[in-house]
*Asks:* 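Below is the structure I would like to discuss, written out as structure tokens.
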Amino acid sequence: MKKRALISVSDKTGVIPFAQGLEKIGFDIISTGGTLKVLQEAGVQAQSVASVTQFDEILDGRVKTLHPYIHAGLLARRDDATHQNELQVREIAPIDVVAVNLYPFKETIAKPDVTEADAIENIDIGGPTMLRAAAKNFRDVTVVVNPHDYEEVLEQLAKDSKETVAYRKQLAAKVFRHTANYDALIANYFNEITDEQDPNTYTKTYEKVQSLRYGENPHQHAAFYKDPNGKGASIANATQLHGKELSYNNIQDANAALEIVLEFGDAQPAAVAVKHMNPCGVGMGSTISEAFAKAYAADSTSIFGGIVALNREVDVETANQLKEIFLEIVIAPSFTEEALAILTVKPNIRLLQTPIEMNQSDKEKVVSVVGGLLVQDRDFGEVTAKDVTVATERKPTEQELASLLFAWKVVKHVKSNAIVVANEQQTLGVGAGQMNRVGAAAIALEQAGGKANGAVLASDAFFPMPDTVETAAKAGVKAIIQPGGSKRDQDSIDVCNQYGMAMVFTGMRHFKH
């Protein structure tokens, strides 16, 4: 009995040479709908599924392959005499190869004007069923879901008896990953349209961007995956214009830099320098060149080997500034041709282009713990001048309030315990990741030095003791922004009043672990 292959694909890339190759090595071809038409027009002697099942497609094609003559042919074990006898009695021929890829559900829901009806109509039923049936019976059936595998599959099939179970098992594994990915996309879509909160099973799916050379350290294996329908500013979706492959740590730091620069939108040019996922310098200016100069001056030591994110196109002036420093990555919405010519002289610098626009549709932050995941909302919390409450006798001046709100945007992205000392357009000192808040303040104030006199201070969480305020006051800090809410708030307020400082409460904290 001649071997049979069933081909039914939405993505028709390479399907004609694949079918022709199958015919050449002795396969009969079964196909459906659009695939059948494409193959027949190319001269492939394909027969319709309906001619096999003796049952026409119905319900606008919703039912065509869901039939025992197809699935018995896929699922029958060749080494099981009972199975083979049943096929013979019912005059069902085995199917030895299945090439199927699915309705474009991912591409459909990615369209900005997609309707619920369009999305649902692009949920494939017969395709996943055939794939799973063939993959389950991988000992006897070769199943291919990716057009990139067609050539290798033909080579393996041409070897006939040398085609191994191990190879078919690998193809089956691809199928189950593919159908799991497909089903997860559908599940997530329905979670969104039904506003499901905290479902009992978490079924997110991600697609590989690249294998990485190693993880945080050379002895750790790593890979980079992305949300298949992720939109907006993202390192996963950024275009790399120049430089070496990104490393695990590069990606972490670049993401941190991007998240911070997004806080500033496009109202004013802003530049962010990051080292080990903490900002070492943030600046704003009338031009992107001025903004970067301020970010650099904020900590000209730590920026060495760091990541820079900018919210404006990189021009010649800024490119010349960036060129003078050893930087791992520069992220921007665009680069002028002249700027690229300047920066690409450095072979190792990575240049990433991504739109600098906050995307609040990506709502979740997921962190792995041993044996599980923590899932929470991303921190989109914002504070404006109208949101703060003045807690002290003295109100902040207009300039101080602008400085406080600037510092608040930055401290949100600093590892806790976090303190940021700043003026209206520049960080002056950053204290990150300390075990107590007064220690973080001491680091930030020491880095600011004499510039702390007249500056402002932001804290990611409240002061349980007045010691941080006392330290800031002695350094000359004139205003403080903090969440408030401690049982001992009054102690801090009293110190502020003693030194003539202003303090405002946000009512919102920004712990970052």
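Quick caveat, the model's predicted, so the values are computed rather than measured.
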*Asks:* In chain order, what residues pass the salt bridge (Lys or Arg N to Asp or Glu O under 4.0 Å) check against Arg139, with sequence neighbours excluded?
*Replies:*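 Listed in chain order: nothing, the list is empty.
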*Asks:* Walk me through it: do Asp80 and Gln84 pass the test side-chain hydrogen bond (donor to acceptor under 3.5 Å, both in side chains)?
*Replies:* CA-CA 6 Å; Asp80 187 308; Gln84 293 304 305; over 6 Å; no
*Asks:* Do Ser416 and Asp460 meet the criterion of a side-chain donor-acceptor pair at a distance under 3.5 Å?
*Replies:*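 Yes - a donor-acceptor pair under 3.5 Å links their side chains.
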*Asks:* Are any of the side-chain heavy atoms of Glu313 and Phe335 separated by less than 4.5 Å?
*Replies:*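 In short, these two side chains do not touch, never coming nearer than 4.5 Å.
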*Asks:* Of all residues at least two apart in sequence or in a different chain, which pass the side-chain hydrogen bond (donor to acceptor under 3.5 Å, both in side chains) check with Glu121?
*Replies:*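 With sequence neighbours excluded, Glu121 shows a side-chain hydrogen bond (donor to acceptor under 3.5 Å, both in side chains) to Arg62, given in chain and number order.
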*Asks:* Do Asp11 and Thr13 meet the criterion of a side-chain donor-acceptor pair at a distance under 3.5 Å?
*Replies:*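 Yes.
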*Asks:* Do the non-hydrogen side-chain atoms of Ile109 and Ile186 ever get within less than 4.5 Å of each other?
*Replies:*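 Of all side-chain heavy-atom pairs linking Ile186 with Ile109, none is under 4.5 Å.
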*Asks:* Sub-3.5 Å donor-acceptor pair from the side chain of Arg378 to the main-chain atoms of Lys363, do we have one?
*Replies:*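 No.
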*Asks:* Please walk me through it: do Arg77 and Asp79 pass salt bridge (charged side-chain N to carboxylate O under 4.0 Å, His left out)?
*Replies:* CA-CA 5 Å; Arg77 292 179 54 179; Asp79 63 350; 3.2 Å; yes
*Asks:* Counting only N and O atoms by type, is there a donor-acceptor contact under 3.5 Å from the side chain of Thr129 to the main-chain atoms of Ile125?
*Replies:*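 Yes: the side chain of Thr129 pairs with the backbone of Ile125.
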*Asks:* If the condition is salt bridge (Lys or Arg N to Asp or Glu O under 4.0 Å), which residues does Glu317 pass it with, not counting sequence neighbours?
*Replies:*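 Not a single residue meets the salt bridge (Lys or Arg N to Asp or Glu O under 4.0 Å) criterion with Glu317.
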*Asks:* State whether the side chain of Glu107 and the backbone N or O of Lys111 hold a donor-acceptor pair below 3.5 Å, judged by distance alone.
*Replies:*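 The answer is no, because no donor-acceptor pair under 3.5 Å joins these two groups.
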*Asks:* For a quick test of your reading: what N or O donor-acceptor pairs under 3.5 Å do the side chains of residues 66-75 make, sequence neighbours left out?
*Replies:*
unit_1, atom_1, unit_2, atom_2, d
His67, ND1, Tyr69, N, 3.0
His71, NE2, Thr65, O, 3.4

*Asks:* Just jot down the salt bridge (Lys or Arg N to Asp or Glu O under 4.0 Å) partners of Asp96, sequence neighbours excluded, or say none.
*Replies:*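 Listed in chain order: Arg78.
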*Asks:* Scan side-chain atoms only and decide if Gln252 and Asn250 contain a donor-acceptor pair under the 3.5 Å cut-off.
*Replies:*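 No.
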*Asks:* Show me, pair by pair, the donor-acceptor contacts under 3.5 angstrom made by side chains of residues 213-225, not counting sequence neighbours?
*Replies:*
unit_1, atom_1, unit_2, atom_2, d
Asn217, ND2, Gln220, OE1, 2.9
Gln220, OE1, Asn217, N, 3.2

*Asks:* Taking Gly230's backbone N and O only, do any of them form a donor-acceptor pair with Asn237's side chain (distance below 3.5 Å, no angle check)?
*Replies:*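 Judged by distance alone, yes, a pair lies under 3.5 Å.
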*Asks:* Is there a donor-acceptor pair under 3.5 Å between the side chain of Gln434 and the backbone N or O of Ala432?
*Replies:*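 Checking the backbone N and O of Ala432 against the side chain of Gln434, a donor-acceptor pair under 3.5 Å is found.
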*Asks:* For residues 262-277, please give each side-chain donor-acceptor pair under 3.5 Å, one per line with the distance, not counting sequence neighbours.
*Replies:*
unit_1, atom_1, unit_2, atom_2, d
Glu263, OE2, Lys412, NZ, 2.7
Glu263, OE2, His413, NE2, 2.8
Gln268, NE2, Gly285, O, 3.4
Lys275, NZ, Ser302, O, 3.1
Lys275, NZ, Phe304, O, 2.7

*Asks:* Could you walk me through whether Thr336 and Asp315 satisfy the side-chain hydrogen bond (donor to acceptor under 3.5 Å, both in side chains) test, starting with their C-alpha distance in whole Å, then the side-chain angles of each, then the deciding distance to 0.1 Å, before giving a yes or no?
*Replies:* CA-CA 6 Å; Thr336 67; Asp315 55 20; over 6 Å; no
*Asks:* Got a list of side-chain donor-acceptor pairs under 3.5 Å for residues 321-333, not counting sequence neighbours?
*Replies:*
unit_1, atom_1, unit_2, atom_2, d
Gln321, OE1, Ser289, OG, 2.7
Gln321, NE2, Ser289, O, 3.3
Glu328, OE1, Arg350, NH1, 2.5

*Asks:* Considering residues at least two apart in sequence or located in another chain, which fulfil the side-chain contact (heavy atoms from CB on, under 4.5 Å) criterion with Ser211?
*Replies:*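 Result, side-chain contact (heavy atoms from CB on, under 4.5 Å) vs Ser211: Lys208.
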*Asks:* Without placing hydrogens or testing angles, list every side-chain donor-acceptor pair under 3.5 Å for residues 147-154, not counting sequence neighbours.
*Replies:*
unit_1, atom_1, unit_2, atom_2, d
Asp149, OD1, Lys174, NZ, 2.9
Asp149, OD2, Lys174, NZ, 2.9

*Asks:* I'd like to know if the side chain of Asn137 reaches the main chain of Asp140, judged simply by a donor and an acceptor atom lying under 3.5 Å from each other, with no hydrogens or angles considered.
*Replies:*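 No.
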*Asks:* Donor-acceptor pair, Thr35 side chain versus Ser31 backbone, under 3.5 Å?
*Replies:*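 It does not hold such a pair.
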*Asks:* Quick one: are Ile288 and Asn311 in side-chain contact, heavy atoms under 4.5 Å?
*Replies:*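 Ile288 reaches Asn311 side chain to side chain.
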*Asks:* Could you list all the side-chain hydrogen bond (donor to acceptor under 3.5 Å, both in side chains) pairs where at least one residue sits in residues 17-28, not counting sequence neighbours?
*Replies:*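 Qualifying pairs: Lys2-Asp28.
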*Asks:* Would you check if the side chain of Asn320 reaches a backbone N or O of Val316 as a donor-acceptor pair within less than 3.5 Å?
*Replies:*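 Pair found, side chain donor or acceptor close to backbone of Val316.
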*Asks:* Under 3.5 Å, is there a donor-acceptor pair between the side chain of Asp118 and the main chain of Val114?
*Replies:*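 No, the answer is negative, given that no donor and acceptor are paired below the 3.5 Å cut-off.
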*Asks:* Hey, is the main chain of Val282 close enough, under 3.5 Å, to the side chain of Thr427 for a donor-acceptor pair?
*Replies:*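 Yes; at least one donor-acceptor contact below 3.5 Å.
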*Asks:* Does some side-chain heavy atom of Met130 sit less than 4.5 Å from a side-chain heavy atom of Leu6?
*Replies:*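 A side-chain contact exists here, since the closest heavy-atom pair is under 4.5 Å.
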*Asks:* So, using salt bridge (Lys or Arg N to Asp or Glu O under 4.0 Å) as the criterion, who are the partners of Glu207 when residues are at least two apart?
*Replies:*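 In terms of salt bridge (Lys or Arg N to Asp or Glu O under 4.0 Å), with neighbours along the sequence ignored, Glu207 is linked to Lys106.
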